[in-house]
Amino acid sequence: MIKLFAANWKMHKTQAEAKQTAEDLVRLSAALPPGREVLVIPPFTALSATMAGIGGAGRFHTGAQNFYPATHGAFTGEISPAMLLDTGATFALTGHSERRHVLGELDAFVGQKTAFGLAAGLKVILCVGEKIEERKAGQLAEVLTRQIRLGLADVPKDVVPEDISLAYEPVWAIGTGLVAGPAEILEAHVLVRKLLEEIFGAPARRMRILYGGSVKPDNAAEIIALDNVDGVLVGGASLKADDFSRIVLA
Ligand code: PEP
């Protein structure tokens, strides 16, 4: 399985900053080991500049943080999958914790977006993860089961497995500096794999499961080596090309 190193820039960077960071990242990651690929997910406004910065470098991709599940129409402020593909973006996130918990997206809507994005030709990374109070209440399995079953409810069973990835991102570890320990990551990723196998059967073994939550240059190697960890989704530590290149080379 090719490991995916994804940089979620959230609401950061102008076009010029994005282009420069992407150029620096490609240069600093020239020794990218085989079996790895890199995905940069800037704000919509910097997608084209990020593409320009990548400059056609192999194994570097761009993706979007969000989209609306419709082809076009009266959806003020929204962006369609076709518009993203038009910029050269090939991936998109759905269900990121900030969209769920800050912007109020519900499981059913996340599911609608996931299926729509895949049907429109995007590779989709469905993000799931429990809040600290859910973990403390022993609800990890319940939360992941609900988010994954509803998030994938409308995805055809014969979806190309490489087109869909899951990102396990415990909400308590995002942007907090608190990273889940190896045992916690292993437990959650086994659960995610089992759920994917229940839904899609054997092809689920070809679906990537990423870990996200305070991944940094000094913990990336340990995390990426764990069973069922097929990549990482990185927020804060992806903003500087130097830090993120140390993660992709870890
Ligand atoms: C994220 O935004 O998906 C994320 C994991 O952020 P951070 O790496 O900053 O915790």
Side-chain angles (χ1 to χ4, degrees), residues 3-13 17-18 21-22 25 29 37-44 46-47 50 61-67 89 91-105 110 113-114 117 122-132 134-135 140 143-144 147-148 151 164-182 184-186 188-189 192 208-224 226 228-250:
K3 300 219 187 219
L4 182 63
F5 292 74
N8 175 15
W9 286 351
K10 311 194 188 201
M11 200 169 73
H12 295 284
K13 296 194 188 292
E17 289 164 350
T21 310
L25 180 63
S29 310
E37 58 184 355
V38 178
L39 168 63
V40 183
I41 310 173
F44 295 134
L47 273 166
T50 303
H61 314 280
T62 57
Q65 299 170 19
N66 188 34
F67 60 87
F91 285 78
L93 301 178
T94 57
H96 190 277
S97 84
E98 287 144 25
R99 299 223 53 96
R100 290 179 189 268
H101 303 303
V102 181
L103 292 148
E105 290 192 8
V110 172
K113 287 168 72 170
T114 302
L122 288 167
K123 295 180 200 292
V124 175
I125 302 174
L126 168 64
C127 306
V128 297
E130 82 288 5
K131 295 194 264 188
I132 192 63
E134 293 166 331
R135 170 164 282 270
L140 173 70
V143 171
L144 294 186
Q147 292 181 341
I148 290 175
I164 175 105
S165 305
L166 269 279
Y168 169 62
E169 299 203 298
V171 178
W172 49 271
I174 298 180
T176 58
L178 290 175
V179 66
E184 290 164 325
I185 298 176
L186 284 168
H189 281 231
V192 172
R208 290 188 280 210
I209 307 175
L210 317 183
Y211 169 77
S214 296
V215 176
K216 307 273 182 255
D218 61 1
N219 62 22
E222 182 187 19
I223 292 170
I224 201 74
L226 294 171
N228 281 312
V229 175
D230 309 307
V232 284
L233 178 53
V234 186
S238 73
L239 290 170
K240 290 192 181 140
D242 181 43
D243 289 342
F244 193 55
S245 67
R246 284 160 59 212
I247 291 174
V248 308
L249 299 176

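Whatever order the structure lists them in is the order used to number ligands and atoms, beginning at 1.
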Output block, N or O contacts of ligand 1, threshold 3.5 Å exclusive:
{"from": "ligand 1", "atom 1": "2 (O)", "to": "N8", "atom 2": "ND2", "distance (Å)": "3.3"}
{"from": "ligand 1", "atom 1": "2 (O)", "to": "K10", "atom 2": "NZ", "distance (Å)": "2.7"}
{"from": "ligand 1", "atom 1": "2 (O)", "to": "H96", "atom 2": "NE2", "distance (Å)": "3.1"}
{"from": "ligand 1", "atom 1": "3 (O)", "to": "H96", "atom 2": "NE2", "distance (Å)": "2.8"}
{"from": "ligand 1", "atom 1": "3 (O)", "to": "E169", "atom 2": "OE1", "distance (Å)": "3.1"}
{"from": "ligand 1", "atom 1": "3 (O)", "to": "E169", "atom 2": "OE2", "distance (Å)": "2.6"}
{"from": "ligand 1", "atom 1": "6 (O)", "to": "G235", "atom 2": "N", "distance (Å)": "3.4"}
{"from": "ligand 1", "atom 1": "8 (O)", "to": "G235", "atom 2": "N", "distance (Å)": "2.8"}
{"from": "ligand 1", "atom 1": "9 (O)", "to": "G236", "atom 2": "N", "distance (Å)": "2.8"}
{"from": "ligand 1", "atom 1": "10 (O)", "to": "G175", "atom 2": "N", "distance (Å)": "2.6"}
{"from": "ligand 1", "atom 1": "10 (O)", "to": "S214", "atom 2": "N", "distance (Å)": "2.8"}

Between W9 and Q65, a side-chain donor and acceptor under 3.5 Å: no
Would you check, one step at a time, whether the test salt bridge (Lys or Arg N to Asp or Glu O under 4.0 Å) holds for E105 with R100? CA-CA 4 Å; E105 290 192 8; R100 290 179 189 268; over 6 Å; no
Any residue meeting salt bridge (Lys or Arg N to Asp or Glu O under 4.0 Å) with K123, in chain and number order, not counting sequence neighbours: D163
By ring-ring contact (aromatic ring centres under 6.0 Å, His included), Y168 pairs with (sequence neighbours left out) H189
Does anything in residues 233-245 pair up under salt bridge (Lys or Arg N to Asp or Glu O under 4.0 Å), and if so which pairs, sequence neighbours excluded? D243-R246
Between the side chains of T94 and T114, does any donor sit under 3.5 Å from an acceptor? yes
